[in-house]
**Q** 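Submitted below is the structure of interest, expressed as structure tokens.
The residues of the chain are indexed from 1 along the displayed sequence.
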Amino acid sequence: MRAHPSRVSLVRALVLATHAPPAAAVTVVATLLAVAAGLPAGRAALVGVAVLAGQASIGWSNDWLDADRDRAVARTDKPVVQGAVAPAVLRTAALAAAAAAVVLSLLLGAVPGLLLLVLVASGWAYNAGLKRTAASGLPYLTGFGALPAGVVAAAPGVPVAPWWLPVAGAALGAAAHLANVAPDLDDDLATGVRGLPHRLGARASAVLGALLLGTASLVLVLGPAGPPAWWGWAGLVLAVPAVVVAALAGTARFRRAAFPAVLLLTVLDVVLLVAGGAALT
């Protein structure tokens, strides 16, 4: 039996409203880090499902809470603006996913569960109002700083993550905030949203984001005890020019060249993050 077209459309709208690409990226990175940190397959899968539920709840709450604002600036990329899903449906889905994230996270144990839930709580706090303040980057610092610590703590024996993992995670999260907001600066300002990137401006935000990504690279290579491996030095060789180019993302002349540099730095830092998790085993 074929699914009813309206149901297919609703499912598609719900998937899109999770902010699927970043939600999937965070889930994949958390799962890979869990595997690299030596978690048994079942617990690594549970980490992935718990993080996915939390990310879905954050995406759905964002589109639910911002429905009126998105309509005001005609954000036709948003399913709620297209009329594909009602805000009330997103509210129900967001609350259900948040509840699932709580249960799934705590199944990993109190310490890893609470650390993983810091990311969920941070995302909800951002959506509920912090995005409109100068402290808009704080939820990204706390949430993505806690994520690798929670994943590592889910390993047998509840190990404590070394300082450089949460520091690098926080730097990556803050850089993601600056990059994520950049395309929507004008729409946000039109509806009264003045977070940190809006106050800094596009050029300063690009420079700060590049420096944060570079900092994450340095911390992940130089933070672990002992001399860096050859691949760590190779990563830094790639990172230095990429930081310079990425810092030009706020200028119209170099924007096209800057985006690949930002992408390269992000992928490089994620690889170094997962490699750092593997070094703990």
Side-chain angles (χ1 to χ4, degrees), residues 10-31 33-34 42-70 75 78-81 84-133 135-154 166 169-170 172-174 176-177 180-181 193 195:
L10 177 59
V11 170
R12 180 177 181 276
L14 286 171
V15 171
L16 291 175
T18 62
H19 300 200
V26 172
T27 301
V28 169
V29 170
T31 305
L33 181 58
R43 287 182 71 78
L46 182 55
V47 166
V49 175
V51 171
L52 179 60
Q55 290 298 294
S57 79
I58 293 169
W60 284 329
S61 68
N62 180 276
D63 279 19
W64 155 43
L65 294 170
D66 280 358
D68 291 338
R69 191 175 68 83
D70 289 338
R75 285 289 303 274
K78 297 281 191 174
V80 70
V81 176
V85 61
V89 173
L90 291 175
R91 179 186 61 210
T92 300
L95 294 173
V102 170
V103 173
L104 292 167
S105 298
L106 292 178
L107 284 175
L108 291 163
V111 173
L114 290 173
L115 286 169
L116 292 180
L117 290 173
V118 169
L119 176 59
V120 181
S122 296
W124 275 74
Y126 177 83
N127 292 339
L130 277 179
K131 67 191 297 180
R132 297 175 174 83
T133 73
S136 62
L138 182 60
Y140 284 81
L141 287 169
T142 57
F144 287 98
L147 177 60
V151 173
V152 171
L172 273 168
H177 170 48
N180 185 53
V181 171
V193 175

**Q** From the options Leu115, Val151, Val47, select the one residue that forms a side chain to side chain contact (heavy atoms under 4.5 Å, CB included) with Leu108.
**A** Val47
**Q** Could you state the interatomic distance from CH2 (Trp124) to CG (Asn62), rounded to the nearest 0.5 Å?
**A**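 Spacing of CH2 (Trp124) from CG (Asn62) equals 10.5 Å.
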**Q** Got Ser122 and Tyr140 here, is their nearest side-chain heavy-atom distance under 4.5 Å?
**A** no
**Q** Please confirm whether the backbone N or O of Val81 pairs with a side-chain atom of Arg75, one donor and one acceptor, at under 3.5 Å?
**A** no
**Q** Locate the shortest heavy-atom distance separating Trp60 from Ala97; write the atom from each residue and the value.
**A**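 So the two residues come closest at CZ3-CB, 3.7 Å.
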**Q** With no hydrogens and no angle check, is any side-chain donor or acceptor of Ser136 less than 3.5 Å from a backbone partner on Arg132?
**A**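 Side chain of Ser136 to backbone of Arg132, a donor-acceptor pair under 3.5 Å: no, none is there.
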**Q** Grab the two heavy atoms, one from Asp63 and one from Pro79, that are nearest each other, plus how far apart they are.
**A** OD2-CD, 4.1 Å
**Q** Measure across Ala30 and Val51 and return the closest heavy-atom pair with its distance rounded to 0.1 Å.
**A** CB-CG2, 3.9 Å
**Q** Could you tell me whether the side chain of Val89 reaches within less than 4.5 Å of the side chain of Leu14, counting heavy atoms only?
**A** yes
**Q** Applying salt bridge (charged side-chain N to carboxylate O under 4.0 Å, His left out), which residue pairs with at least one partner in residues 15-27 are found, sequence neighbours left out?
**A**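 Residue pairs with at least one partner in residues 15-27: there are none.
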**Q** Does the side chain of Val26 reach to within under 4.5 Å of the side chain of Leu147, using non-hydrogen atoms?
**A** yes
**Q** Do NZ/NE/NH1/NH2 and the carboxylate oxygens of Lys131 and Asp66 come within less than 4.0 Å?
**A**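 A salt bridge is present here (some side-chain N lies under 4.0 Å from a carboxylate O).
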**Q** Determine the minimum heavy-atom distance between Ile58 and Asn127, stating which atoms define it.
**A** O-ND2, 2.9 Å
**Q** Between OG of Ser57 and CH2 of Trp64, what distance do you get to the nearest 0.5 Å?
**A**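 Ser57 atom OG to Trp64 atom CH2 measures 11.0 Å (nearest 0.5 Å).
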**Q** Is there a donor-acceptor pair closer than 3.5 Å between any side-chain N or O of Thr142 and the backbone N or O of Pro139?
**A** yes
**Q** Restricting to non-hydrogen atoms, name the atom on Thr31 and the atom on Gly48 that form the minimum distance, rounded to 0.1 Å.
**A**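 Smallest heavy-atom distance, with atoms named: OG1-CA, 3.2 Å.
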**Q** Atom CG of Leu138 and atom OG1 of Thr133: how far apart are they, to the nearest 0.5 Å?
**A**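 Reported to 0.5 Å precision, the distance equals 8.5 Å.
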**Q** What closest approach, in Å, do Ala20 and Val15 show between heavy atoms, and which atom pair accounts for it?
**A** CB-O, 3.7 Å
